[in-house]
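Some notes on the structure that comes next.
So that the names make sense, note that chain A is the first sequence line, chain B the second, and so on, each numbered from 1. Keep in mind the model is a prediction, meaning the values are calculated, not measured.
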There are 2 protein chains.
Amino acid sequence: MEHPLTRCARYEKASELMGKRWTGLILRILLAGPRRFGELTDEIGSISERVLSERLKELEAEGVVSRHVDAGPPIRVAYQLTEKGQALWKVVDELARWAERWVDVKPASAARKRKSA
Amino acid sequence: MEHPLTRCARYEKASELMGKRWTGLILRILLAGPRRFGELTDEIGSISERVLSERLKELEAEGVVSRHVDAGPPIRVAYQLTEKGQALWKVVDELARWAERWVDVKPASAARKRKSA
DNA sequence: CCAAGTCACTTACTTTTTGGAAGTCACTTG
DNA sequence: CAAGTGACTTCCAAAAAGTAAGTGACTTGG
């Protein structure tokens, strides 16, 4: 191999977190400011409440987001990034830059076939 | 909401790509140089060949990695990043930095450390 | 007061993805 | 020519995500 690569448990864990469906989207939205549960579902659009709830719990468990209950009377729950979560802005930002530069949003042309006959 | 946020289809697609299990790990390895199928399975450790094969096809379809067959005789297949794939180094790098700074690899015990310089 | 609605979730059930192991195909080596 | 090796596939069970309907606290309208 060209370069040996030491396995990095921290990176593996980080990658496991970001490598879950919807996490990247949730983070981008929360980087713009706190959001309530319903706002998140609306802004993400196609996520199911079941999964959003799950993802939010995972992120909270990881210390990336915090949950704030405003006992109203109209009870409202807001989610916002912790310091650890805010620190992810660079990752999100670089991914956004990459996306701007490299992602074509139109239906991708078909992948080349492997040599088969 | 604090800041409105325009939905970005490109980011959504990028996030869908990175937001798949194993993709972050595969990318980090490939950023260190080309790898053969077996090397990837070994270096990742716990991925199944079925899923690695699937992920590689997806990444190839997205134009992030390219597949090179060296018709040997000992036939070998190498995967390497395309220019588009290489461009992801910043994302991987920022994620790695974040992980170094914020991810605790040990099982979380009673007290959690705050930012220790 | 009672019915209907909102918000933040849960629960139950279906579909899709992933994991694990074994099999395939084209060679290579003993 | 029986046993590998490398790169995948196939099959099947387990886990995660999608869908829809339900829950509980509280509000508004008639």
Side-chain angles (χ1 to χ4, degrees), chain A residues 1-2 12-13 15-27 29-30 33-62 64-81 111-117, chain B residues 1-2 12-13 15-27 29-30 33-62 65-81:
Chain A
M1 63 180 84
E2 224 162 79
E12 279 175 29
K13 209 175 168 205
S15 160
E16 201 178 307
L17 189 76
M18 289 294 294
K20 285 210 164 205
R21 195 165 186 191
W22 305 115
T23 302
L25 253 40
I26 294 171
L27 257 21
I29 293 171
L30 254 24
R35 292 288 190 281
R36 288 183 295 119
F37 190 86
E39 292 176 327
L40 284 169
T41 56
D42 290 349
E43 287 186 68
I44 298 174
S46 50
I47 195 172
S48 68
E49 302 188 335
R50 203 192 65 73
V51 176
L52 176 59
S53 174
E54 197 172 290
R55 211 86 320 155
L56 252 12
K57 273 182 203 155
E58 291 162 6
L59 291 170
E60 201 190 343
E62 289 298 325
V64 169
V65 317
S66 56
R67 183 174 180 273
H68 302 272
V69 181
D70 172 11
I75 185 175
R76 280 163 193 297
V77 180
Y79 292 90
Q80 60 180 278
L81 296 176
R112 270 162 297 148
K113 287 186 104 178
R114 293 187 181 170
K115 62 174 214 175
S116 57
Chain B
M1 61 180 87
E2 224 162 78
E12 279 176 28
K13 209 175 169 205
S15 159
E16 200 178 307
L17 189 76
M18 289 294 294
K20 285 211 162 203
R21 196 165 185 192
W22 305 116
T23 302
L25 253 40
I26 293 169
L27 255 23
I29 293 171
L30 255 21
R35 292 289 189 283
R36 288 184 294 119
F37 190 86
E39 292 176 329
L40 284 169
T41 57
D42 291 349
E43 287 185 69
I44 298 173
S46 50
I47 195 174
S48 69
E49 301 189 334
R50 203 193 65 73
V51 177
L52 176 58
S53 172
E54 197 171 290
R55 213 85 322 156
L56 253 12
K57 272 180 205 157
E58 291 162 5
L59 291 170
E60 202 192 342
E62 289 298 325
V65 317
S66 55
R67 183 175 178 269
H68 302 272
V69 182
D70 171 12
I75 186 173
R76 280 161 193 301
V77 181
Y79 292 89
Q80 60 180 279
L81 297 176

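- Nucleotide D:dT10 holds its C1' atom 16 Å from the CG atom of B:Leu52, rounded to whole Å.
- Residues forming a side-chain hydrogen bond (donor to acceptor under 3.5 Å, both in side chains) with A:Ser66 (at least two apart in sequence, or on another chain): A:His68.
- Under the 3.5 Å distance criterion, the side-chain polar atoms of B:Arg67 are left unmatched by any main-chain donor or acceptor of B:Val65.
- Rounded to whole angstrom, the span from the CZ atom of A:Phe37 across to the P atom of C:dC9 amounts to 6 Å.
- With sequence neighbours excluded, the residues that form a side-chain hydrogen bond (donor to acceptor under 3.5 Å, both in side chains) with A:Arg55 are A:Glu58.
- For A:Glu16, there are no side chain to side chain contact (heavy atoms under 4.5 Å, CB included) partners, not counting sequence neighbours.
- The NZ atom of A:Lys57 sits 8 Å away from the P atom of C:dC9 (whole-angstrom rounding).
- Atom CG of B:Asp42 is separated from atom P of D:dA7 by 10 Å (rounded to the nearest Å).
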Study note, to complete from the structure: Protein-proximity profile, nucleotides 17-23 of chain C, B/S/- by nucleotide at the 4.0 Å heavy-atom cutoff, equals -BBB-B-
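- Contact annotation: B:Ser53 does not reach the phosphate of D:dA7 (side-chain N/O to OP1 or OP2, under 4.0 Å).
- For A:Arg76 and D:dA25, the CZ to C1' distance is 13 Å, given to the nearest whole Å.
- The CG atom of A:Leu56 sits 12.5 Å away from atom CZ of A:Arg35, with the distance rounded to the nearest 0.5 Å.
- Distance A:Glu39 CD to C:dC9 C1': 16 Å, rounded to the nearest Å.
- Listed pair B:Arg67 / D:dC8 meets the phosphate criterion, a side-chain N or O lying under 4.0 Å from OP1 or OP2.
- The distance from atom CD1 of A:Ile44 to atom C1' of D:dG18 is 14 Å, rounded to the nearest whole Å.
- The nearest whole Å value for the distance from the CD atom in B:Glu60 to the P atom in D:dA7 is 15 Å.
- A pairwise comparison of heavy atoms in A:Pro34 and A:Gln80 identifies CB-CB, 3.8 Å as the closest pair.
- Contacts of B:Glu54 classified as side-chain hydrogen bond (donor to acceptor under 3.5 Å, both in side chains), with partners at least two apart in sequence or in another chain: B:Arg50.
- Side-chain N/O atoms of A:Tyr79 include one lying less than 4.0 angstrom from OP1 or OP2 on C:dC9.
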